[in-house]
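Note that the coordinates shown come from a computational prediction; the quantities given were computed from them, not determined experimentally.
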Amino acid sequence: MDAIAMITDRRSVRKFKNEKVKRDTMKEIVSLSRWAPSWGNFQVARYTLVDDEATIKKLATDGVEGFVYNINTLKEAKGVAVLSFVKGKSGKLEGDDYATSKANLWEVFDAGIACQTFCLAAHAKGIGTCVMGVINDVSISKIVNLPKEETVAALIVYGHEDGHPAPTKRKDVDEILRFV
């Protein structure tokens with residue numbers, strides 16, 4: 001699959017087959033995700049993959065702030081990636097001072113790049129994904145026992161697609177582009 005087809009064909013998938021994704025496949029996806037660019041090449045993104053049903057149910061009840069849409073997706077999920085990042089690195093050049101006015105926001109930026117790279121790598125391997133942002137990062141950290149130097153950026157539900165969603169309407173390029 002070429003890059004343009006991958007970008008235009010990837011969808012947020014919320015319906016999955018009742019089948020776990022093989023751990024070797026997920027390892028390949030994370031291996032590809034390592035190539036996501038990051039500030040200073042610090043590679044702060046971390047991937048905790050959850051395929052244990054009891055843990056996924058706990059994420060559904062305690063990890064998504066009661067957001068019904070996410071709860072319903074998680075109830076049927078066979079796999080969830082907890083995307084986290086190592087705090088206090090991105091945005092710094094030397095020492096403890098941040099290099100820009102964005103300060104530690106670069107951590108989230110790096111996590112976003114890693115998230116999209118993960119989703120595109122999964123799509124290339126035939127695995128559907130859906131990024132969840134309405135989350136309780138503190139609760140999720142406890143559920144999956146993250147190291148204290150990491151914080152949760154997002155949950156990414158993954159699995160074998162049960163049908164491929166139709167494309168959603170996109171804004172016209174002239175609505176989002178300006179030249180100076």
Side-chain angles (χ1 to χ4, degrees), residues 1-13 21-51 55 59 63-65 70 77 79-159 170-171 173 176-180:
M1 178 180 300
D2 73 16
I4 293 171
M6 196 172 359
I7 291 167
T8 58
D9 190 52
R10 191 235 162 229
R11 302 279 177 270
S12 290
V13 177
V21 178
K22 292 180 182 172
R23 286 185 169 187
D24 285 345
T25 301
M26 294 312 300
K27 190 171 184 177
E28 288 177 42
I29 291 166
V30 172
S31 182
L32 290 167
S33 301
R34 297 176 304 133
W35 292 96
S38 63
W39 178 283
N41 195 32
F42 286 134
Q43 301 175 48
V44 296
R46 299 293 183 270
Y47 308 86
T48 303
L49 302 185
V50 181
D51 59 9
T55 305
L59 290 170
V64 292
E65 300 287 354
N70 286 352
V80 180
V82 177
L83 174 64
S84 59
F85 58 86
V86 178
K87 299 179 278 189
K89 292 185 178 276
S90 297
K92 296 179 179 179
L93 294 176
E94 294 178 17
D96 291 330
D97 294 331
Y98 287 101
T100 76
S101 63
K102 301 291 184 230
N104 67 335
L105 293 179
W106 282 103
E107 297 170 338
V108 178
F109 193 83
D110 282 352
I113 298 169
C115 186
Q116 178 70 343
T117 302
F118 179 92
C119 291
L120 289 174
H123 183 58
K125 292 289 184 179
I127 302 301
T129 57
C130 182
V131 180
M132 297 182 169
V134 180
I135 59 172
N136 181 322
D137 56 307
V138 174
S139 179
I140 293 166
S141 293
K142 289 177 184 171
I143 292 168
V144 300
N145 197 30
L146 280 188
K148 65 179 178 177
E149 65 272 4
E150 293 178 32
T151 192
V152 177
L155 292 181
I156 308 168
V157 179
Y158 64 86
R170 310 313 298 170
K171 292 183 179 186
V173 69
I176 63 170
L177 170 69
R178 67 177 73 90
F179 289 100
V180 178

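Annotation: the span from E65 atom CD to N136 atom CG amounts to 4.5 Å, rounded to 0.5 Å. Rounding to the nearest 0.5 angstrom, the gap separating the OG atom in S31 from the CG atom in D24 is 12.0 Å. Note that the OG1 atom of T55 and the CD1 atom of I143 stand 8.5 Å from one another [nearest 0.5 Å]. Between atom CG of residue L105 and atom CG of residue D110 there is a gap of 11.5 Å, rounded to the nearest 0.5 Å. Note that CD1 of I140 is 14.0 Å distant from CG of N145, once rounded to the nearest 0.5 Å. Note that CH2 of W39 and OH of Y98 are 10.5 Å apart. Values are rounded to the nearest 0.5 Å.
The local environment of CD1 in I4 is sparse, with at most 12 non-hydrogen atoms from other residues, nucleotides or ligands closer than 6.0 Å. Heavy atoms of other residues, nucleotides or ligands lying less than 6.0 angstrom from NZ of K142 number 12 at most. Within a 6.0 Å radius of NZ in K89, no more than 12 heavy atoms belonging to other residues, nucleotides or ligands are found.
Closest heavy-atom contact between E107 and V86: OE2-O, 4.2 Å. Closest heavy-atom contact between I156 and C115: CD1-SG, 3.7 Å. Annotation for V157 and M132: closest pair CG2-CE, 3.3 Å, computed over non-hydrogen atoms. Of all non-hydrogen atoms in Q43 and S38, the two that sit nearest each other are N-OG, 2.9 Å. Between A153 and A111, the closest heavy-atom pair is CB-CB, 3.7 Å. Nearest heavy-atom pair, K92 versus F42, reported as atom, atom and distance to 0.1 Å: O-CE1, 3.7 Å.
Residue pairs satisfying the ring-ring contact (aromatic ring centres under 6.0 Å, His included) criterion with at least one member in residues 112-154, sequence neighbours excluded, are listed as follows: Y47-F118. The ring-ring contact (aromatic ring centres under 6.0 Å, His included) analysis of residues 131-157, with sequence neighbours excluded, yields no pairs. Identified under the ring-ring contact (aromatic ring centres under 6.0 Å, His included) test for residues 134-157, with sequence neighbours left out: none.
Applying the side chain to side chain contact (heavy atoms under 4.5 Å, CB included) criterion to A36, with sequence neighbours excluded, gives I113, A114, T117. Every residue two or more places apart in sequence or in another chain that forms a side chain to side chain contact (heavy atoms under 4.5 Å, CB included) with S84 is listed here: R46, L146, E150. Qualifying side chain to side chain contact (heavy atoms under 4.5 Å, CB included) partners for A5, counting only residues two or more places apart in sequence or in other chains: M1, D2.
Considering L49, I29, I127 in turn, I127 is the only one that fulfils the side-chain contact (heavy atoms from CB on, under 4.5 Å) rule with V21.
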Are V108 and W106 close enough, and set up right, to give a side-chain contact (heavy atoms from CB on, under 4.5 Å), and what steps lead you there? CA-CA 5 Å; V108 178; W106 282 103; over 6 Å; no

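Remark: the R10 side chain and the T129 side chain contain an N/O donor-acceptor pair separated by less than 3.5 Å.
Of the charged side-chain nitrogens involved, at least one lies within less than 4.0 Å of a carboxylate oxygen, so that K125 and E28 count as a salt-bridged pair. Ion pairing of R23 with D51 is present here, as a side-chain N (NZ or NE/NH1/NH2) and a carboxylate O approach within less than 4.0 Å.
M26 is listed as a side-chain neighbour of Y158, based on a closest heavy-atom distance under 4.5 Å.
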